[in-house]
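What follows is one structure encoded as structure tokens, with my remarks underneath.
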Amino acid sequence: MKNQKAYLTAFCGVCVAMNIVLGIVTDAMGLPLYLDTLGTVLTAALFGPVPGMIVGGLSNTITGLLYTVTDIPFALINIAVGLIVGLVAKKFKFTLTSALLTGLALSILCPAIGTPIGIFVYGGLQGDISDIVVTGLVKSGQSIFTASFLTKVASNLIDKIGTCVIACLLIRSMPARFLANFRQERELAE
């Protein structure tokens with residue numbers, strides 16, 4: 001059991017680092033994508049909602065403490081991703097079909113959580129190319145919430161579906177012996 005806990009802890013640490021690096025890289029490139037939930041999705045799909053939520057929350061908290069404090073409130077999104085993916089994987093297994101459907105659901109849920117946070121923290125703008133669309137929608141009479149939400153849904157369709165599919169494919173490519181350690185840990189947790 002100690003060995004299995006070590007696998008879980010090491011895997012979660014790698015996934016937190018993955019989230020942080022991917023988040024910083026996409027932010028530095030000014031991309032309207034986030035990619036900072038891949039580690040959360042992997043953890044939740046393999047171990048369930050609680051470890052996924054922990055990885056998600058730690059990722060944004062660490063990034064906030066090391067990089068920019070404004071990332072901390074967005075931990076709520078990453079925690080929600082861990083919860084949703086973990087519950088889906090527990091109930092249905094994380095197949096390509098469930099990954100696509102989960103990514104689609106997250107494409108709506110994440111902006112629903114993140115838009116109010118983004119408006120509070122950044123005034124609804126992100127500092128990337130999507131701000132042009134948000135500004136255009138506001139000038140056409142849309143509220144800042146609607147403009148920001150619609151823009152985030154559009155980018156999240158690519159980001160969250162892509163993240164879930166990539167996670168599913170990564171899990172499929174993991175060696176059976178490697179996955180056996182995770183299955184034993186997950187069974188003990190349940």
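The model shown is predicted, which means the values in this text are computed figures rather than measured ones.
Using a 4.5 Å cut-off on side-chain heavy atoms (C-beta onward), Asn156 and Leu106 make no contact. Ile84 is listed as a side-chain neighbour of Thr102, based on a closest heavy-atom distance under 4.5 Å.
In this structure, Leu101 stands alone, with no Ile, Leu, Val, Met, Phe, Trp or Tyr side-chain heavy atom under 4.5 Å from its own, directly or through other members.
Under the 4.5 Å side-chain heavy-atom criterion for ILVMFWY residues, no single connected hydrophobic cluster contains both Val21 and Val16. Hydrophobic clustering keeps Val81 apart from Val50 (ILVMFWY residues linked when any side-chain heavy atoms are closer than 4.5 Å, directly or through intermediates). Tracing side-chain contacts under 4.5 Å through hydrophobic residues (I, L, V, M, F, W, Y), one never reaches Ile79 starting from Ile108; they form parts of separate clusters. Following chains of ILVMFWY side-chain contacts shorter than 4.5 Å, one can reach Ile77 starting from Val41, so the two form part of one hydrophobic cluster. In terms of hydrophobic clustering, with Ile, Leu, Val, Met, Phe, Trp and Tyr side chains grouped at heavy-atom distances under 4.5 Å, Leu22 and Phe11 are assigned to a common cluster.
Between Pro49 and Leu87, the shortest heavy-atom contact is CG-CD2, 4.0 Å. Taking each heavy atom of Gly103 and Ile161 in turn, the nearest pair found is C-CG1, 3.5 Å. Residues Met18 and Gly39 come closest through the heavy atom pair SD-N, 3.8 Å. Shown here for Ala99 and Cys164, the closest heavy-atom pair between the two residues is O-CB, 3.3 Å. Nearest approach of Gly82 to Ala44, heavy atoms of both residues: O-CB, 3.4 Å.
Between the SG atom in Cys12 and the NZ atom in Lys5 there is a gap of 11.0 Å [rounded to 0.5 Å]. With rounding to the nearest 0.5 Å, the separation of CZ in Phe47 from CG in Leu8 is 4.5 Å. Atom CG in Leu38 sits 9.5 Å away from atom CG in Asp159 (nearest 0.5 Å). Distance check, rounded to the nearest 0.5 Å: CD1 of Ile171 to CG of Leu46 gives 4.0 Å.
Within the structure, ring-ring contact (aromatic ring centres under 6.0 Å, His included) contacts touching residues 79-112 (residues at least two apart or in different chains) do not occur. Residue pairs meeting the ring-ring contact (aromatic ring centres under 6.0 Å, His included) criterion with at least one member in residues 96-116: none, sequence neighbours excluded. Residue pairs meeting the ring-ring contact (aromatic ring centres under 6.0 Å, His included) criterion with at least one member in residues 148-169, sequence neighbours excluded, are Phe145-Phe149.
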Report all side-chain donor-acceptor pairs from residues 51-60 shorter than 3.5 Å, counting only partners two or more places apart or in another chain.
{"from": "Ser59", "atom 1": "OG", "to": "Asn19", "atom 2": "ND2", "distance (Å)": "2.9"}
{"from": "Ser59", "atom 1": "OG", "to": "Val55", "atom 2": "O", "distance (Å)": "2.7"}
{"from": "Asn60", "atom 1": "OD1", "to": "Asn78", "atom 2": "ND2", "distance (Å)": "2.8"}
{"from": "Asn60", "atom 1": "ND2", "to": "Asp71", "atom 2": "O", "distance (Å)": "3.2"}

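Considering only residues two or more places apart in sequence or on other chains, Ser98 meets the side-chain hydrogen bond (donor to acceptor under 3.5 Å, both in side chains) condition with Thr95. Every residue two or more places apart in sequence or in another chain that forms a side-chain hydrogen bond (donor to acceptor under 3.5 Å, both in side chains) with Thr68 is listed here: Thr70. Partners of Ile117 according to the side chain to side chain contact (heavy atoms under 4.5 Å, CB included) rule, which considers only residues two or more places apart in sequence or in another chain, are Pro73, Phe74, Leu76, Ile113, Val121. For Leu66, the side chain to side chain contact (heavy atoms under 4.5 Å, CB included) test picks out Ile62, with sequence neighbours left out. Listed by chain and number, the residues in a side chain to side chain contact (heavy atoms under 4.5 Å, CB included) with Val69 are Ile72 (sequence neighbours excluded).
Between the side chain of Thr115 and the main chain of Ala112, no donor-acceptor pair closer than 3.5 Å is present. For Thr9 (side chain) and Ala6 (main-chain N/O), no donor-acceptor pair under 3.5 Å exists by modelled atom type.
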